[in-house]
Amino acid sequence: MGDLVYEIDDRLYVNLTNRCVNDCTFCLRRHGPGVEGASLWLEGEPPASEYIERIPSPGRYREIVFCGYGEPLLRPGPLAEIAAHVKGRSDTPVRVDTNGQARLFLKRDVLPELVGLVDAFSISLNAQDGDTYERLCRPAFKARAYPAVVEFAREAVRLFPRVILTVVRLPGVDVEACRAIASEMGAEFRVREYIDKDSDTITQGSRETEESS
Ligand code: SF4
């Protein structure tokens, strides 16, 4: 069983699932079982109670981040339950890292259900247009995916205090065009540096360069 929660510096990361509706060319899951010493590949999907018992003192962290190996909003029920536990015992901000396609895979708008439980969303924009997104992220929802990501981000900006759009710096990604999309919708913007595990020159996705929106 992989680690359900793991610490990096002063943040606690919550690993809900291996599943995802994308198959990104740069995904960490393509390169090994974990990150920063944590083993992330889960053999099942434990109930929220198993996560909650591992987070007895959420107030000791700077931030609680739902990310994991897969897409955390594929398990919105446990995510909300764990976030409510954090909010009930601390002022620690809760962030969800997501591919932004929840409306497609859940077939409902989940964001209103998370108001008051989640403080920030980090949404993987990853591309300046749908064609580039499909090439890099290979979404199961094909051409419907990118417009859904953009729409999800707009709705998140409307409902939540903090939204960050992210891209991975890769050939074909127009970082400045992506920055403009973030700026236009009022979101922050971050560029993740790609690290090629195969050549040992990067650690893709795990190192972030914060840039102004
Ligand atoms: S959206 Fe994230 S978890 Fe899903 S395949 Fe892409 S990088 Fe991996």
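None of these values were measured; they are calculated from a predicted model. One-based numbering, in listed order, for ligands and for the atoms of each.
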**OP:** List every atom of ligand 1 that sits less than 4.0 Å from any heavy atom of Tyr69, numbering the atoms from 1 in the order shown and giving each element.
**Re:** 3 (S)

Subject >> Atoms of ligand 1, numbered as shown, that sit under 4.0 Å from any heavy atom of Asn99 >> reply: 1 (S)

Subject >> Stepwise salt bridge (Lys or Arg N to Asp or Glu O under 4.0 Å) check, Glu184 with Arg154 >> reply: CA-CA 10 Å; Glu184 182 270 326; Arg154 285 193 196 285; 3.2 Å; yes

**OP:** Evaluate the criterion side-chain hydrogen bond (donor to acceptor under 3.5 Å, both in side chains) for residue pair Glu71 and Thr98; output intermediate values, then yes/no.
**Re:** CA-CA 6 Å; Glu71 165 53 48; Thr98 177; 2.9 Å; yes

Original post:
Which is it for Asp119 and Lys87 under the salt bridge (Lys or Arg N to Asp or Glu O under 4.0 Å) test, yes or no, and what are the steps along the way?
Top reply: CA-CA 10 Å; Asp119 300 283; Lys87 288 296 175 193; 2.5 Å; yes

Subject >> For ligand 1, the portion of Cys24 having any non-hydrogen atom under 4.0 Å away >> reply: both

Subject >> Aromatic ring pairing Tyr6/Tyr13, orientation class (parallel under 30°, perpendicular over 60°, tilted between) >> reply: parallel

Subject >> Within reach of ligand 1, part of Asn22 (heavy-atom separation under 4.0 Å) >> reply: both

**OP:** Kindly confirm whether atom 8 (Fe) of ligand 1 is within less than 2.8 Å of some N/O/S atom in Cys20?
**Re:** no

Original post:
Any chain of hydrophobic side-chain contacts (each under 4.5 Å) joining Tyr194 to Ile164?
Top reply: no

